[in-house]
Amino acid sequence: MGRSSKDKRDIYYRLAKEEGWRARSAFKLLQLDEEFNLFKGVSRAVDLCAAPGSWSQVLSRKLRLVKYKSEEVKIVAVDLQAMAPLPGVTQIQGDITKISTAQEIIRHFEGQSADLVVCDGAPDVTGLHDVDEYIQAQLLLAALNITTHVLKPGGNFVAKIFRGKDVTLLYSQLKIFFSSVTCAKPRSSRNSSIEAFVVCQNYSPPEGYVPNMSNPLLDHSYDVDFNQLEGPNRIIVPFLACGDLSAFDSDRTYPLQLDSSKEYQYLPPTQPPIRPPYQQACQLRKNNLLAKEDSPSGALDDSLSALDL
Ligand code: SAM
């Protein structure tokens, strides 16, 4: 996509150029860290939807150069697109909605868990807001699914979110897994943009929860039999049968005279059926009176008067 002159004037765009960040988005993660102290105690991190890599740069600089010895730090960056290498960052080129990508990330951690997962994922925006919001929400859920496989209890998850009309549904899904969920808008995120970031702290899945990639929206292999899920993995929605047992059974046929003590009295519907404009034409056709192409003009009028319409 071409860069507009507005982008060039943007202070964060200029600062990114001056400080050597690959994208102005770097400042979003830096400002989120200033507010939430995200990098405290973090030596293993996953950057989902990482290209061109400014968030991975932030992680690499902050964790490897500032906090830990570089060999203690593990950063895994994933994106559909390839990106130029970064010191200490392992790259995976893949789709985060695919089980195979999740498995590859897990393999890189060799049985250890990550302290932090970040996701700045965004689809190619179509301009159709409902579609864009839906796809973004699916990316977020894919990132959450991967997070449940790799994040340590107590760890944090940060993800881009579009504050559309269904955002509260996403918040409640995130709240199942994190004790604190905050929606944050860093100064470097344009006011005109619908984007914000959910900062989900203290990963604490429901007791007994076993991570799975069973969301059928995320991958087309339905490899989980939903009826086999147990414990907190199986969401039971209460089933409530409403209505008194003496109420009418909708599968039975009843005589018109329901009350044997009273004679049946016909009551017309309170609102009679409408008379649609095509009703005349239907009736004419039924009676084979609809004017044919070669009928002389006035045939329709004759037909109507024949029907007394
Ligand atoms: N955080 C990045 C940075 O600071 O450089 C910028 C990320 S950019 C806004 C969004 C990225 O999401 C794009 O690089 C795109 O390729 C990636 N993306 C979108 N859908 C994806 C998917 N299904 N799997 C992996 N990456 C995806």
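We're numbering straight along the sequence, starting at 1. First listed ligand is number 1; within each ligand, the first listed atom is number 1.
Relative ring orientation between Tyr12 and Phe27 is described as tilted, the plane-to-plane angle lying within the 30° to 60° band.
In this structure a side-chain-to-backbone donor-acceptor pair under 3.5 Å is present from Thr147 to Ala143. Listed for the Gln31 side chain is a donor-acceptor partner under 3.5 Å among the backbone atoms of Arg187. Without hydrogens or angle criteria, Thr126 side chain to Leu128 main chain gives a donor-acceptor distance under 3.5 Å. Gln257 places a side-chain N or O within donor-acceptor distance of the main-chain N or O of Lys262, the cut-off being under 3.5 Å. In this structure, Gln136 contributes its side chain and Lys160 its backbone to a donor-acceptor pair below 3.5 Å.
Hydrophobic cluster membership is shared by Val76 and Leu139, with clusters built from Ile, Leu, Val, Met, Phe, Trp and Tyr side chains linked at under 4.5 angstrom. Hydrophobic clustering (side-chain heavy atoms under 4.5 Å, transitive across Ile, Leu, Val, Met, Phe, Trp, Tyr) keeps Trp55 apart from Leu80. Cluster membership for Ile194 and Ile135, using ILVMFWY side-chain heavy atoms within less than 4.5 angstrom, is not shared.
Using a 4.0 Å cut-off to heavy atoms of Gly94, the atoms of ligand 1 that qualify are 24 (N), 25 (C). Atom numbering of ligand 1 starts at 1 in the shown order; those under 4.0 Å from a heavy atom of Ser54 are 3 (C), 4 (O), 5 (O). Applying the 4.0 Å criterion to heavy atoms of Asp95 picks out, from ligand 1, the atoms 22 (C), 23 (N), 24 (N). Which parts of ligand 1 touch Ala122 is read off a 4.0 Å heavy-atom cut-off, strictly below it: atoms 10 (C), 12 (O), 19 (C). Atoms of ligand 1 found under 4.0 Å from any heavy atom of Gln81 (numbered from 1 in listed order, with element): 14 (O), 15 (C), 16 (O). Per-residue contacts place Ser25 under 4.0 angstrom from the following atoms of ligand 1 (heavy atoms of the residue considered): 4 (O). In summary, the atoms of ligand 1 found under 4.0 Å from a heavy atom of Gly53, numbered by their order in the structure, are 3 (C), 5 (O).
At a 4.0 Å heavy-atom cut-off, ligand 1 does not touch Asp47 at all. Contact annotation: for Ala50 versus ligand 1, heavy atoms closer than 4.0 Å belong to the backbone alone. Here Pro52 has heavy atoms under 4.0 Å from ligand 1 in both its backbone and its side chain.
The CG atom of Leu144 sits 11.0 Å away from atom NE2 of His149, with the distance rounded to the nearest 0.5 Å.
The closest approach between any non-hydrogen atom of Ala26 and ligand 1 is not below 4.0 Å. Between Leu80 and ligand 1 there is a heavy-atom distance shorter than 4.0 Å. Ligand 1 has no atom lying under 4.0 Å from any heavy atom of Arg22.
From the protein, the heavy atom lying nearest to atom 15 (C) of ligand 1 is Asp79 OD1, 3.6 Å. Looking at atom 27 (C) of ligand 1, its nearest protein heavy atom turns out to be Cys49 SG, 3.5 Å. Protein heavy atom at the shortest distance from atom 1 (N) of ligand 1 is Asp120 OD2, 2.8 Å. In terms of protein heavy-atom proximity, atom 6 (C) of ligand 1 is nearest to Ala51 O, 3.1 Å.
Side-chain rings of Phe177 and Phe157 stay apart, their centers remaining 6.0 Å or farther from each other.
Among the atoms of Ile96, some N or O lies under 3.5 angstrom from an N or O of ligand 1. Between Lys160 and ligand 1, no N or O atom pair is found at a separation short of 3.5 Å.
The pair Asp120-Lys28 does not meet the salt-bridge criterion, since no charged nitrogen lies less than 4.0 angstrom from a carboxylate oxygen.
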